[in-house]
**Q** 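Would you mind keeping the following structure in view while I ask a few things?
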Amino acid sequence: MSIDTTQANRESGHFAEHQELWLFGYGSLIYKAGFDYLRRAPATITGWQRRFWQGSHDHRGTPDAPGRVATLVEAPGQVCLGMAYRITPAVFDHLDHREKNGYLRFVTPMRFADGDIEDGLVYIATPDNAAWLGDASVDAIAGQIQRSTGPSGPNRDYLLQLDKALRELGADDTHVAAIAARLRERMAAEPGV
Ligand code: BEZ
């Protein structure tokens with residue numbers, strides 16, 4: 001299941017006149033950018049939480065056996081810690097293509113550790129996109145991630161790298177930590193899977 005969001009993102013025009021802008025990363029962008037940036041710094045956004053509810057048919061899974069990757073869902077009052085990147089608009093050509101499977105750009109206020117607040121762009125997969133998987137038990141999500149692999153590598157690497165990076169940042173993300181812990185238990189019980 002796939003819907004190409006590249007064109008919708010190109011037409012959104014956010015920050016079209018800007019020479020530099022902020023991008024907020026909450027998934028793989030926390031541990032790996034894959035593009036040039038001017039600087040980066042941890043930042044938080046409010047009203048959103050990270051969830052492994054988006055299917056990945058093109059990076060960490062396949063059309064027949066999708067993996068699960070992070071998106072953000074609305075959660076009033078919740079604070080989500082991520083990594084902000086200062087970038088040029090050219091980076092969006094790269095990201096619009098890389099994240100074309102359901103992710104749309106939104107604008108959000110971001111708060112930095114020193115209290116500064118800046119607007120940033122964030123890619124979010126919403127429940128109406130074709131690759132949406134939604135909620136499932138911690139064990140079911142961990143099992144799907146354990147079994148899935150795609151052109152960007154094993155789904156488990158994405159989860160475990162994100163969990164490690166979040167802990168190094170001091171984030172208290174119980175959703176990611178619980179799935180990662182369950183995945184480790186499953187891997188220990190079934191080393192060949
Ligand atoms: C991220 O924050 O890692 C991310 C970037 C683009 C799409 C989805 C997530």
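Because only heavy atoms are used, hydrogens play no part in the values below, and waters and symmetry mates are left out as well, while side chains stay in. All ligand and atom numbering here is 1-based and tracks the order in the structure.
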**Q** Sequence neighbours excluded, which residues qualify as side-chain contact (heavy atoms from CB on, under 4.5 Å) partners of D114?
**A** F112, D116
**Q** Describe, in one word, how the ring planes of W48 and F106 are oriented to each other, choosing from parallel (under 30°), tilted (30 to 60°) and perpendicular (over 60°).
**A** tilted
**Q** Tell me every residue that passes ring-ring contact (aromatic ring centres under 6.0 Å, His included) with F35, counting only those two or more places apart in sequence or in another chain.
**A** Y85
**Q** Which residue in the set V73, V79, T174 passes side-chain contact (heavy atoms from CB on, under 4.5 Å) when paired with Q49?
**A** V73
**Q** Under a 4.0 Å heavy-atom cut-off, what residues line ligand 1?
**A** G25, Y26, G27, S28, L29, E99, Y103, Y123
**Q** State which residues pass ring-ring contact (aromatic ring centres under 6.0 Å, His included) with Y26; sequence neighbours excluded, sorted by chain then number.
**A** none
**Q** Salt-bridged, D135 to R51, with N to O below 4.0 Å?
**A** no
